[in-house]
Amino acid sequence: KAKPRVFSGIQPTGVPHLGNYLGAIESWVQLQEEFSSALYSIVDLHSITVPQDPAILRQSILHMTACLLACGLNPEKAIIFQQSQVSEHTELGWILGCLLSMPRLQHLHQWKVKSQTQKNEGGVGLLTYPVLQCADILLYKSTHVPVGEDQVQHLELTQDTARIFNKKYGEFFPVPRALLGTSKKIKSLRDPTIKMSKSDPKNLATVNITDSPEEIVLKFRKAVTDFTSEVTYDPDHRPGVSNMVAIHSAVTGLNVDEIVRQSVDLDTARYKIVVAEAVIQKLTPVRSEIEKLKADHGYLKNVLTSGTEKAKELSIPIFQEIRSLVGF
Ligand code: ADP
Ligand code: NA
């Protein structure tokens, strides 16, 4: 029976937003307590599937490290490392790619979307990065992968790849399980029918965890709701105000019914400010910790270097076995 091990990754592009924090990073913090082995990777190799400026990328890797630590990831409890520094990720990616067919990759939803928007401009990496994700996970014989709904298809690819490898070379990889977060998808503040995302170009649509209290209040004040002034939770018919309730619930830990009951006397305009205040309260300590950590490049580099060493300690012996199974 495989040793329980968590793996997840985040791209070092921009600052995490409220959706990343509530939907992913908070659960990572919880999982580092629950699992004796947890790896969280800053997946810089994935980020170069779209053009990156080298100087900005280098800085973003450290900045993301600061953000993860400020959110509560603890280098004593989890391995926090930079993907590109463990070269076995790329090597295993090659081996696994040779086991997968082109149509299998071309059928992935994210590829269909991205190849539409990028036409023929994008690099081959846009098609093959899900294979690298398989390698990220399998390299450590990971058993549990916290994922958002948007990544479930890619985890299924990893599960299939593990089975294909095991069939060809003998039982080796555990088939990893998805850990679907219990928290709700956070929606864009300007279009509550789509998710809050780094790539949402609309101004004021996304709350970053580094936003000032003034920016947060402004963004919530401008948040799109509807023409009913009551506070109710009805995501299908009232996505805007329901997103407010979902955010409020996620930052306070109160359930949706309690929140709706508490808010009977408020109209949505006043309620948006209540939610903004709750978000500010949640993010204020995180933001000040980021500021503090950002200034200490030496410390951040140390965290990544020692994380890389620990990741290599795990990956090198596993990859040695893989080489021998494949016939190298
Ligand atoms: P983005 O779409 O903003 O670029 P990523 O794809 O880098 O975010 O996602 C990093 C993690 O954050 C993933 O686990 C993803 O499921 C989660 N996540 C992203 N957006 C949201 C959201 N709006 N609500 C909840 N979780 C989210
Ligand atoms: Na742990």
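Residues forming a side chain to side chain contact (heavy atoms under 4.5 Å, CB included) with F328 (at least two apart in sequence, or on another chain): I95, R323, V326. Residues satisfying the side chain to side chain contact (heavy atoms under 4.5 Å, CB included) criterion with P4, sequence neighbours excluded, are F35, T143.
With no hydrogens or angles considered, a side-chain donor-acceptor pair links Q133 and H154 at under 3.5 Å. Between the side chains of D234 and S242, not a single donor N or O lies within less than 3.5 Å of an accepting N or O. A donor atom on one side chain and an acceptor atom on the other are found under 3.5 Å apart for D136 and H89. Between the side chains of E215 and S212, at least one donor-acceptor pair of N or O atoms lies under 3.5 Å. T193 and D191 share a donor-acceptor pair across their side chains, judged by distance under 3.5 Å alone. Of the N and O atoms on the side chains of T206 and D200, not one donor lies less than 3.5 Å from an acceptor on the other residue.
Using a 4.5 Å cut-off between side-chain heavy atoms of Ile, Leu, Val, Met, Phe, Trp and Tyr, with links allowed through other members, V245 and I280 fall into the same hydrophobic cluster. By the criterion of side-chain heavy atoms lying less than 4.5 angstrom apart, applied directly or through intervening Ile, Leu, Val, Met, Phe, Trp or Tyr residues, F220 is grouped together with I259 in one hydrophobic cluster. V131 and I318 fall within the same hydrophobic cluster, where Ile, Leu, Val, Met, Phe, Trp and Tyr residues are linked whenever their side-chain heavy atoms come under 4.5 Å apart, directly or through other members. Under the 4.5 Å side-chain heavy-atom criterion for Ile, Leu, Val, Met, Phe, Trp and Tyr, I247 and V274 are members of the same hydrophobic cluster. L45 and Y140 are members of different hydrophobic clusters when ILVMFWY side chains are connected at heavy-atom separations under 4.5 Å.
Shown here is Q59, whose CD atom has no more than 12 heavy atoms of other residues, nucleotides or ligands within 6.0 Å. Atom CG of D53 has more than 12 heavy atoms from other residues, nucleotides or ligands within 6.0 Å. Within 6.0 Å of NZ on K3 lie more than 12 heavy atoms contributed by other residues, nucleotides or ligands. In the displayed structure, K198 atom NZ is contacted under 6.0 Å by more than 12 heavy atoms of other residues, nucleotides or ligands. Residue-environment remark: NZ (K202) exceeds the threshold of 12 foreign heavy atoms within 6.0 Å.
Side chain of T49 to main chain of G125: no donor-acceptor pair is present (N/O by atom type, distance under 3.5 Å, no hydrogens or angles). At distances below 3.5 Å, not a single donor-acceptor pair connects side-chain atoms of Q82 with backbone N or O atoms of V43. Proximity of a side-chain donor or acceptor of N166 to a complementary backbone N or O of F172 within less than 3.5 Å is detected. Without hydrogens or angle criteria, Q159 side chain to R177 main chain gives no donor-acceptor distance under 3.5 Å. Using a distance-only test at 3.5 Å, with no hydrogens or angles considered, a donor-acceptor pair links the side chain of S101 to the main chain of R104. A donor-acceptor pair under 3.5 Å is formed between the side chain of D211 and the backbone N or O of N208. Remark: side-chain polar atoms of S249 are paired, donor with acceptor, to backbone N or O of L254 under 3.5 angstrom. With T161 contributing its side chain and L157 its backbone, the two residues share a donor-acceptor pair below 3.5 Å. No donor-acceptor distance shorter than 3.5 angstrom exists from the side chain of R163 to the backbone of F173, with no hydrogens or angles considered. Judged by distance alone, the side chain of Q52 and the main-chain N or O of R58 form no donor-acceptor pair under 3.5 Å.
Within the structure, side chain to side chain donor-acceptor pair (under 3.5 Å) pairs that include any residue of residues 271-284 comprise E26-K282, H248-Y271 (at least two apart or interchain).
A distance of 13.0 Å separates CD1 in I186 from OG in S197, rounded to the nearest 0.5 Å. Atom CG of L105 is separated from atom CG of L100 by 6.0 Å, given to the nearest 0.5 angstrom. Taking NE2 of H46 as the start and CD of Q11 as the end, the distance is 7.5 Å to the nearest 0.5 Å. Distance CG/D296 to CG/L62: 10.5 Å, rounded to 0.5 Å. The CE atom of M64 lies 11.5 Å from the CG atom of D44; values are rounded to the nearest 0.5 Å. A distance of 15.0 Å separates OG of S37 from NZ of K77, quoted to the nearest 0.5 Å.
Between P213 and R287, some side-chain heavy-atom pair lies under the 4.5 Å cut-off. Residues V15 and H63 are in side-chain contact: their nearest non-hydrogen atoms beyond the backbone lie under 4.5 Å apart. Residues S142 and V6 fail the side-chain proximity criterion, which asks for heavy atoms closer than 4.5 Å. Between I42 and L304, some side-chain heavy-atom pair lies under the 4.5 Å cut-off. Using a 4.5 Å heavy-atom cutoff, the side chains of L138 and K141 are not in contact. Within the 4.5 Å cutoff, the side chain of E230 has no heavy atoms near those of the D267 side chain. No side-chain heavy atom of Q262 sits under 4.5 Å from any side-chain heavy atom of D257. Between F81 and L39 the shortest side-chain heavy-atom distance falls below 4.5 Å.
The two atoms that bring V29 and C71 nearest to each other are CG2-O, 3.5 Å, heavy atoms only. Considering every non-hydrogen atom in both L92 and A135, the closest pair reads CD2-O, 3.7 Å. Residues G307 and I79 share a closest heavy-atom pair of O-CG2, 3.3 Å.
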Derivation and outcome, side chain to side chain donor-acceptor pair (under 3.5 Å), residues Y129 and Q110: CA-CA 11 Å; Y129 90 91; Q110 288 210 3; 2.7 Å; yes
If you apply the rule salt bridge (Lys or Arg N to Asp or Glu O under 4.0 Å), what do you find for K292 with E289, and how did you get there? CA-CA 5 Å; K292 211 161 65 188; E289 191 64 18; 3.3 Å; yes
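The residues E258 and R261 are annotated as not salt-bridged, no charged nitrogen and carboxylate oxygen being separated by less than 4.0 angstrom.
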